[in-house]
Amino acid sequence: MQPKPEQIKWIKVAVFVACLVPLGHLVWQGFRNRLGANPVEYITHSTGWWTLAFILITLCVTPLRKLAGQPWLLRLRRTLGLFAFFYASLHFITYIWLDHFFDWKDIFKDICNRPFIMLGFAAFVLLIPLAITSTNKMVKRLGAKRWQWLHRLIYALSALGVAHFWWLVKKDITEPFIFAVLLAALFIIRLLYLLRQQRQQRRASPTSEARSQVA
């Protein structure tokens with residue numbers, strides 16, 4: 001059953017509010033002085049964790065839409081993707097502002113000493129054009145095919161993000177391992193879908209050729 005347009009509208013509102021819950025919880029924890037002994041590290045870890053979470057949730061929309069036969073789910077993908085960029089921006093701002101106070105020399109030294117930061121920075125840079133081109137106007141300007149090719153960068157940046165998290169944790173890799181397994185599963189699903197699509201095209205092409213010869 002497909003929800004009605006009015007229902008989809010309220011679902012989108014509910015998803016938008018739900019996406020703000022992690023930020024609200026973080027702010028609430030700050031007011032109650034429950035950010036731990038190192039608040040900056042807590043905020044950095046929290047915003048980074050939710051960035052990865054929203055990226056993976058965004059990647060889940062298409063498989064869920066196909067498995068459930070619910071095309072309207074695609075209307076939630078833009079909101080989820082933009083919230084991934086939102087939390088990534090908070091993560092980046094926390095690092096360069098609260099952690100290093102815009103001391104670019106210190107940031108450069110930190111990157112040299114801890115190269116995993118470069119992976120996170122590269123993932124954030126790749127996320128920027130996806131956020132900029134998320135509007136319907138940009139889809140029309142780029143064209144559907146170019147837009148689709150550009151937004152496949154999400155697979156590369158998600159892999160960089162998981163690697164960044166894995167390299168950061170070092171000891172207890174439980175959380176990054178879970179992210180890696182989920183991402184690998186999404187990659188496999190995507191690959192299987194592409195192989196199935198190619199098979200269908202190969203089966204359809206002889207039929208079309210035969211029809212043209214008959215005509």
Side-chain angles (χ1 to χ4, degrees), residues 18-27 29-30 35-62 77-134 138 149-188 190:
C19 291
L20 289 173
V21 169
L23 177 61
H25 179 262
L26 190 62
V27 173
Q29 292 292 85
L35 297 180
N38 190 338
V40 174
E41 182 179 356
Y42 185 93
I43 295 172
T44 304
H45 176 79
S46 179
T47 53
W49 194 95
W50 280 107
T51 298
L52 274 180
F54 276 109
I55 288 174
L56 291 181
I57 293 171
T58 303
L59 286 173
C60 286
V61 172
T62 298
R77 188 170 58 182
R78 179 186 300 175
T79 299
L80 295 169
L82 288 175
F83 267 102
F85 177 71
F86 172 70
Y87 283 101
S89 300
L90 293 180
H91 183 66
F92 180 70
I93 292 171
T94 301
Y95 173 74
I96 65 171
W97 180 20
L98 300 180
D99 197 5
H100 291 279
F101 296 99
F102 299 101
D103 188 342
W104 301 110
K105 291 183 179 180
D106 190 37
I107 293 173
F108 179 75
K109 291 180 181 179
D110 195 31
I111 292 174
C112 293
N113 293 329
R114 300 189 294 173
F116 72 88
I117 296 175
M118 182 60 71
L119 296 180
F121 180 74
F124 178 68
V125 171
L126 292 178
L127 193 56
I128 294 174
L130 303 190
I132 294 174
T133 58
S134 63
M138 291 303 299
W149 276 105
L150 177 63
H151 279 252
R152 287 175 183 172
L153 288 174
I154 192 171
Y155 293 100
L157 68 88
S158 60
L160 289 172
V162 171
H164 166 74
F165 189 22
W166 193 302
W167 202 347
L168 166 67
V169 174
K170 295 181 181 178
K171 294 182 179 179
D172 186 5
I173 61 170
T174 303
E175 288 187 347
F177 177 76
I178 293 173
F179 277 115
V181 170
L182 292 174
L183 182 60
L186 289 169
F187 280 167
I188 292 172
R190 176 65 178 174

Sequence-distant partners of Arg78, side-chain hydrogen bond (donor to acceptor under 3.5 Å, both in side chains), two or more places apart: Asn136
With a 4.5 Å cut-off on side-chain heavy atoms, are Tyr87 and Leu23 touching? yes
Looking at CG of Leu127 and CG of Leu82, how far apart are the two atoms once the value is rounded to the nearest 0.5 Å? 9.0 Å
With side chain to side chain contact (heavy atoms under 4.5 Å, CB included) as the test, would you mind laying out the steps for Arg152 and Arg190 before giving the verdict? CA-CA 11 Å; Arg152 287 175 183 172; Arg190 176 65 178 174; 3.7 Å; yes
From Leu150 atom CG to Leu130 atom CG, the distance as rounded to the nearest 0.5 Å: 5.5 Å
With rounding to the nearest 0.5 angstrom, report the OG1 to CD1 distance, Thr133 to Ile128. 11.5 Å
How long is the span from the CD1 atom in Ile173 to the CD1 atom in Ile178, to the nearest 0.5 Å? 10.5 Å
Looking at every heavy atom in both Leu52 and Ser158, which two are closest together, and how far apart are they? CD2-O, 4.3 Å
By side-chain hydrogen bond (donor to acceptor under 3.5 Å, both in side chains), Glu175 pairs with (sequence neighbours left out) Trp49
Point-to-point distance, once rounded to the nearest 0.5 Å, from OG1 of Thr47 to CH2 of Trp50: 12.0 Å
Trace of the side chain to side chain contact (heavy atoms under 4.5 Å, CB included) decision for Leu20 with Phe83: CA-CA 8 Å; Leu20 289 173; Phe83 267 102; 3.5 Å; yes
How long is the gap from OG1 on Thr51 to CZ on Phe124, to the nearest 0.5 Å? 9.0 Å
Looking at every non-hydrogen atom in both residues, tell me the closest pair between Met118 and Ile111 and how far apart they are. CE-CG2, 3.6 Å
Among all residues two or more places apart in sequence or in another chain, which pass the side-chain contact (heavy atoms from CB on, under 4.5 Å) test with Tyr42? His25, Leu26, Gln29, Leu35
Would you list the atom pairs, donor with acceptor, under 3.5 Å between side chains in residues 53-61 and any protein atom, with sequence neighbours excluded?
residue	atom	partner	partner atom	Å
Thr58	OG1	Phe54	O	2.6
Thr58	OG1	Gly81	N	3.4

If you take all heavy atoms of Leu160 and Ala122, which pair is closest and at what distance? CD1-CB, 4.0 Å
Side-chain (Ser46) to main-chain (Ile43) donor-acceptor, under 3.5 angstrom: no
Non-hydrogen atoms of Ala123 and Gly161 that approach each other most closely: CB-N, 4.1 Å
Output every pair passing side chain to side chain donor-acceptor pair (under 3.5 Å) with a member in residues 108-120, not counting sequence neighbours, ordered by first then second residue. Tyr95-Asp110, His100-Asp110, Asp110-Arg114
Phe177: what forms a ring pair (Phe, Tyr, Trp, His ring centres under 6.0 Å) with it, not counting sequence neighbours? none
Hey, does Phe116 have a side-chain heavy atom less than 4.5 Å from the side chain of Trp166? no
